[in-house]
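This report refers to the structure that appears directly beneath it.
No experiment lies behind these values; they were computed from the predicted model shown.
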Amino acid sequence: MITTYDLEKREPLFLKSWRAEYADVLMRDAGRATAAAPTYFEPAKIAVNGEPRVLVDGGIFVNNPAMSAYAEARRIFPDEADILLLSLGTGELVRPIYYHEAKHWEKLELVLALLNCMFDGMADAVDYQLNNLLETERYFRLQQSLTYASDDLDNATQGNISLLQQEAARLIQKHSLDLDKLCKLIA
């Protein structure tokens, strides 16, 4: 299931590989649509079930799609009691927004910063909800605070990529017990 948002229809679109109406959507097009982060990439115009759709990153409405995945699993498998859910984060924003900086921002700068706060808050809310809905042994959230690496989406410098790799190594180390439990449950 890939999350996207249709700008023309003003509605979320979940591309589900098991549904016939999405059979004609190529994986590269689904990837292009869900990666079309506004202000960074232009929307993806792709055909869905023979109809042109103008799609952007699903993160604009569901930054952590784990709850959507859980709801879909419950719909498809209503009698399944032991749903196992792994939610992989892409890095938690921890850079503070200081008053002395924010008070001089132009409206656009303020809106962009507040959007990041909203997305982060939505992701945390989903984590809270799933922690309360599923047993500890059935839900795993792997998320790393971006303490050293930049959280700027467009920072693809070699130095930042190296720092992101170090953050990933810290995440693996921090969650090694969870990863071991998860592997045992899957096996």
**OP:** May I ask you to check whether over 12 heavy atoms, not counting those of R28, lie within 6.0 Å of atom CZ?
**Re:**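 At most 12 heavy atoms, drawn from other residues, nucleotides or ligands, come within 6.0 Å of this atom.
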Original post:
Got more than 12 heavy atoms from elsewhere within 6.0 Å of CD, Q173?
Top reply: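 At most 12 heavy atoms, drawn from other residues, nucleotides or ligands, come within 6.0 Å of this atom.
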Subject >> Passing candidate, side-chain contact (heavy atoms from CB on, under 4.5 Å) with I83, options Y139, F77, Y70 >> reply: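 Filter result, single survivor: Y70.
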Closest heavy-atom pair and its distance - [X], [Y]:
X	Y	value
S150	L164	O-CD2, 4.5 Å
A33	A44	CA-CB, 3.8 Å
V54	P43	CG1-CB, 3.6 Å

Straight-line distance of [X] [atom1] to [Y] [atom2], nearest 0.5 Å:
X	Y	atom1	atom2	answer
Q166	L171	CD	CG	14.0 Å
R75	E72	CZ	CD	4.0 Å
T3	D57	OG1	CG	6.5 Å
I172	L142	CD1	CG	9.5 Å
M1	S17	CE	OG	10.0 Å
S87	N131	OG	CG	10.0 Å

Subject >> Stepwise side chain to side chain contact (heavy atoms under 4.5 Å, CB included) test for E8 and R53 >> reply: CA-CA 7 Å; E8 290 183 353; R53 305 290 289 264; over 6 Å; no
**OP:** Fit a plane to each ring of Y5 and F61, take the angle between them on a 0 to 90° scale, and name the class: parallel (under 30°), tilted (30 to 60°) or perpendicular (over 60°).
**Re:**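 Answer is tilted, since the angle falls between 30° and 60°.
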**OP:** May I have all residue pairs that pass side-chain hydrogen bond (donor to acceptor under 3.5 Å, both in side chains) and include part of residues 29-52, sequence neighbours excluded?
**Re:**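 Only K9-E51 qualify under side-chain hydrogen bond (donor to acceptor under 3.5 Å, both in side chains).
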Subject >> Results of salt bridge (Lys or Arg N to Asp or Glu O under 4.0 Å) for R19 - residues two or more places apart only >> reply: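 R19 satisfies salt bridge (Lys or Arg N to Asp or Glu O under 4.0 Å) with E21 only.
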Subject >> Residues that D152 engages under salt bridge (Lys or Arg N to Asp or Glu O under 4.0 Å), provided they are two or more places apart >> reply: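 Counting only residues at least two positions away or on another chain, D152 forms a salt bridge (Lys or Arg N to Asp or Glu O under 4.0 Å) with R95.
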Hey, quick one: are [X] and [Y] part of the same hydrophobic cluster, counting side-chain heavy atoms closer than 4.5 Å, chains of contacts allowed?
X	Y	result
V56	F41	no
V62	I60	yes
I186	L179	yes

Original post:
Under the 3.5 angstrom rule, does the side chain of R138 hit a backbone N or O of L85 as a donor-acceptor pair?
Top reply: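 No, the answer is negative, given that no donor and acceptor are paired below the 3.5 Å cut-off.
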Original post:
Can you tell me if N132 uses its side chain to pair, donor with acceptor, with the backbone of Y128 under 3.5 Å?
Top reply: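 Checked: pair present.
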Original post:
Other than L15, which residues form its hydrophobic cluster under the rule that side-chain heavy atoms must be closer than 4.5 Å?
Top reply: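 Besides L15, the cluster holds I2, L13, Y22, V25, I46, V48, L55.
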**OP:** List the steps, then state whether side chain to side chain contact (heavy atoms under 4.5 Å, CB included) holds for N64 with Q143.
**Re:** CA-CA 11 Å; N64 177 353; Q143 177 68 292; over 6 Å; no
Subject >> Residues forming a ring-ring contact (aromatic ring centres under 6.0 Å, His included) with Y148, sequence neighbours excluded >> reply: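 Once residues adjacent in sequence are excluded, Y148 has no partner under the ring-ring contact (aromatic ring centres under 6.0 Å, His included) criterion.
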Subject >> Pairs flagged by salt bridge (charged side-chain N to carboxylate O under 4.0 Å, His left out) wherever residues 159-178 is involved - sequence neighbours left out >> reply: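 Of all non-adjacent pairs touching residues 159-178, those that pass salt bridge (charged side-chain N to carboxylate O under 4.0 Å, His left out) are E167-R170.
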**OP:** Determine, step by step, whether L88 and L86 satisfy the side chain to side chain contact (heavy atoms under 4.5 Å, CB included) criterion, reporting the C-alpha distance in whole Å, the side-chain angles of both residues, the deciding distance to 0.1 Å, and the verdict.
**Re:** CA-CA 6 Å; L88 300 172; L86 169 63; 3.9 Å; yes
Original post:
Which is it for T157 and N160 under the side chain to side chain contact (heavy atoms under 4.5 Å, CB included) test, yes or no, and what are the steps along the way?
Top reply: CA-CA 5 Å; T157 63; N160 197 51; 3.4 Å; yes
